[in-house]
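Worksheet for the structure shown next.
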Amino acid sequence: MVAAVLASSMAFIDGTALNVVLPSLQRALGANGTGLFWVLNAYLLMLAALILIGGVLGDRLGRKRVYMAGIIVFLLGSVACGCSVSTTMLIVCRIVQGAGGALMIPGSLTLLSVLIIPEERGKAIGTWSAFTTVVTVGGPILGGALADAGLWRDIFFVNVPLGLAALVILWAKVPESKAEERHSLDIGGAVAVALGLALGTFGCLRIPEVGGRDWTVLVPVAAGAVLLGTFVWIEKRSKDPMIPLSLFRNPVFTGVNLLTFFLYSGLSAAMLFLSLNMVQVQGYSQLEAGLSFLPFTLLLITLSRFAGAWADRHGPRAVLIAGPVIVGVGMILLSLVGRVHRLSDYWFSYFPGILVFGLGMALTVAPLTATVMGSVGNQFSGVASGVNNALSRVASVFANAVFGALAVVLFTGFVGSRVDGLGLDARDRQEVMNETAKLGDAKVPDDVGRGSGPYASNGEGGATKAEGGATKPEGGAVKAWASGADGGVAAEVDAAYKDGFIEVYQVILRIAAGMAFAGALIVALFVKNRQI
């Protein structure tokens with residue numbers, strides 16, 4: 001248990017803590033926006049592409065051996081990330097981290113499922129789920145604290161003691177295990193699924209940058225779909241398939257994996273836009289935004305183990321329906337939050353929604369994972385873990401790409417409708433609209449309103465009427481278009497940015513809630529306690 005939690009924590013911390021140190025990282029390495037985007041997503045791309053292979057290799061070659069190999073690769077990548085001197089080097093090292101994570105993450109669940117007796121499995125996986133989800137949510141707290149102290153590189157170096165401790169425990173205390181039957185490796189299937197997931201993931205991650213119709217999106221997504229179709233064709237005809245398709249004839253396995261996709265898509269979108277809203281619009285510091293999730297974290301620590309144990313005794317169906325419904329209610333409560341004027345307003349704005357949101361996830365995470373692992377035999381535990389983890393990673397990619405693109409479209413439309421009534425000329429309007437690609441981080445361009453609009457500065461302490469060359473006195477003062485000091489156009493544009501992002505945030509949270517409700521419906525249709 002300790003080895004599984006320690007090693008998994010490394011991967012989950014690096015998946016979330018890095019988000020809040022990006023400003024420090026950008027200054028240190030001189031990274032542009034595209035570079036920062038790929039620092040985040042190079043890891044995710046490699047993880048999604050290889051995680052299925054990692055689970056299968058553990059079953060075939062030895063779960064402990066592959067798990068330890070993943071930890072070593074991940075540690076090497078982490079140290080290289082911490083020593084990076086350029087954005088390109090950091091992106092390459094994040095790819096190495098992702099490859100290590102793909103070998104490591106399925107192994108932790110597989111070892112727990114195989115080495116712990118079935119009566120205790122739900123409780124054990126509940127404990128694992130609680131700790132890994134805590135470090136996922138707690139990552140931004142750690143990242144915020146290190147970023148404020150100017151120690152962004154330590155996000156990577158903190159993995160070293162965790163990984164070394166896990167390796168010692170695995171080497172000294174944990175027995176080896178592998179699938180009882182000997183199988184050959186499905187090389188064709190492995191290549192097809194890895195390339196298919198990689199290309200599909202790459203295409204989706206390009207959507208926020210270039211839009212959904214660009215060839216750099218359409219070609220990789222189409223090629224990825226063809227390769228995944230080829231993978232299914234290979235698996236149907238393979239003597240030793242990498243993923244036996246018969247597993248998906250099990251309604252529990254299929255239903256809970258569909259729940260994973262819908263729930264984690266909504267979760268990723270909600271967490272991303274909630275954090276951006278707090279920091280970029282509401283004025284929270286990075287550390288304050290991270291600390292605001294503490295109620296969520298404490299509920300997971302307290303309840304996940306009990307939820308797993310309850311599912312062991314009574315079956316998972318009830319909690320896997322109730323949990324996502326409660327998650328959806330929490331997201332709807334969070335979607336009702338508008339502009340917050342003081343930090344102390346947190347208790348009456350975000351806190352109730354975060355509390356309900358956390359309660360729903362605490363009821364869901366452990367039973368969901370235990371049900372996936374318990375729905376197949378031990379010989380397929382690595383495959384089951386790989387499929388479930390791959391779906392949760394693909395769900396994160398889906399959320400980043402699709403919700404990110406949707407947010408840009410909605411935000412651009414809202415801001416455009418607001419600024420159309422401000423009398424800006426074409427140049428200034430274009431500058432204002434160019435900022436919408438930054439979403440909540442959009443800033444009023446410095447020269448907006450100067451020399452444009454119905455009133456423009458004449459440079460001599462007065463203002464000239466822009467129409468017909470007539471001069472209209474303004475009390476001897478320059479019209480404050482750019483400063484916004486007297487409620488001028490800059491203030492109006494700034495308000496449009498903030499109000500627009502809140503509007504987008506509210507829409508995204510409601511869609512995320514709908515995905516959680518859809519997950520509950522899927523469980524009601526597919527999962528019956530007697531089938532577990």
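When reading the values below, keep in mind they use all heavy atoms of this one structure, side chains included, and skip hydrogens, waters and symmetry mates. Here, residue 1 is the first one in the sequence, and each next residue gets the next number.
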Residues V191, F231; criterion side-chain contact (heavy atoms from CB on, under 4.5 Å); working and verdict: CA-CA 9 Å; V191 171; F231 167 72; over 6 Å; no

M515 and L263: CA distance, side-chain angles, deciding distance, side-chain contact (heavy atoms from CB on, under 4.5 Å) verdict: CA-CA 6 Å; M515 299 189 78; L263 182 64; over 6 Å; no

side-chain contact (heavy atoms from CB on, under 4.5 Å) between L25 and L90, worked out: CA-CA 10 Å; L25 185 156; L90 183 56; 3.5 Å; yes

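Between the side chain of Y505 and the backbone N or O of L334 there is at least one donor-acceptor pair closer than 3.5 Å. T436 places a side-chain N or O within donor-acceptor distance of the main-chain N or O of M433, the cut-off being under 3.5 Å. When atom types are taken as modelled, the side chain of R94 and the backbone of V39 share a donor-acceptor pair closer than 3.5 angstrom. Within the 3.5 Å criterion, the main-chain N or O of F273 finds no donor-acceptor partner in the side chain of N277. When atom types are taken as modelled, the side chain of Y67 and the backbone of L170 share no donor-acceptor pair closer than 3.5 angstrom. Side-chain atoms of Q506 come within 3.5 Å of backbone atoms of V337 as a donor-acceptor pair (strictly under, hydrogens ignored).
Atoms CD and CG, from Q280 and L276 in turn, are 4.5 Å apart once rounded to the nearest 0.5 Å. We find the CG-CD1 distance between L146 and I155 to be 4.5 Å, quoted to the nearest 0.5 Å. One finds the CG atom of N388 at 5.0 Å from the CG atom of N257 (value rounded to the nearest 0.5 Å). Of the inter-residue distances, the one linking C83 atom SG with R153 atom CZ reads 7.5 Å to the nearest 0.5 angstrom. F411 contributes atom CZ, which lies 12.5 Å from atom CD1 of I508 (distance to the nearest 0.5 angstrom). Taking CG of L103 as the reference point, atom CD1 of I53 lies at 9.0 Å (rounded to 0.5 Å).
At least one side-chain heavy atom of V415 sits under 4.5 Å from a side-chain heavy atom of Y497. Proximity of Q282 to I502: side-chain heavy atoms (C-beta onward) are separated by under 4.5 Å at one or more points. W171 is not listed as a side-chain neighbour of L167, based on a closest heavy-atom distance of 4.5 Å or more. Taking 4.5 Å as the limit, some side-chain heavy atom of L267 sits within range of a side-chain heavy atom of F357.
For R429, the salt bridge (Lys or Arg N to Asp or Glu O under 4.0 Å) partners at least two apart in sequence or on another chain are D420. The side chain to side chain donor-acceptor pair (under 3.5 Å) search around S275 returns none, not counting sequence neighbours. Applying the salt bridge (Lys or Arg N to Asp or Glu O under 4.0 Å) test to D214 and every residue at least two apart in sequence or in another chain returns nothing. Y284 pairs by the ring-ring contact (aromatic ring centres under 6.0 Å, His included) definition with nothing, not counting sequence neighbours. Shown here are the salt bridge (Lys or Arg N to Asp or Glu O under 4.0 Å) partners of R342, two or more places apart in sequence or in another chain: D345. Here S8 pairs with S108, W128 under the side chain to side chain donor-acceptor pair (under 3.5 Å) rule; sequence neighbours left out. In terms of the side chain to side chain donor-acceptor pair (under 3.5 Å) criterion, residue partners of R418 (sequence neighbours excluded) are, by chain and number, D499. Applying the ring-ring contact (aromatic ring centres under 6.0 Å, His included) criterion to Y346, with sequence neighbours excluded, gives no partner residue. The salt bridge (Lys or Arg N to Asp or Glu O under 4.0 Å) test applied to K498 returns D494, not counting sequence neighbours. In this view, F351 and W347 satisfy the ring-ring contact (aromatic ring centres under 6.0 Å, His included) rule, not counting sequence neighbours.
Here the closest heavy-atom approach between residue K64 and residue E176 is recorded as N-OE1, 2.8 Å. Considering all non-hydrogen atoms of both residues, V281 and R339 come closest at CG1-CD, 4.4 Å. Heavy atoms only, all atoms of each residue included: T364 and G360 are closest at OG1-O, 2.7 Å. Considering all non-hydrogen atoms of both residues, M46 and A99 come closest at CG-N, 3.4 Å. Here the closest non-hydrogen pair linking V221 and G200 is CG2-O, 4.2 Å. The two residues V365 and Y264 have their closest heavy-atom pair at CG2-OH, 3.9 Å.
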Show which side-chain atoms of residues 401-410 pair as donor or acceptor with protein atoms under 3.5 Å away, not counting sequence neighbours.
none

Would you list the atom pairs, donor with acceptor, under 3.5 Å between side chains in residues 68-82 and any protein atom, with sequence neighbours excluded?
residue : atom : partner : partner atom : Å
S78     : OG   : F74     : O            : 2.9
S78     : OG   : Q97     : NE2          : 2.9
S78     : OG   : N159    : ND2          : 3.0

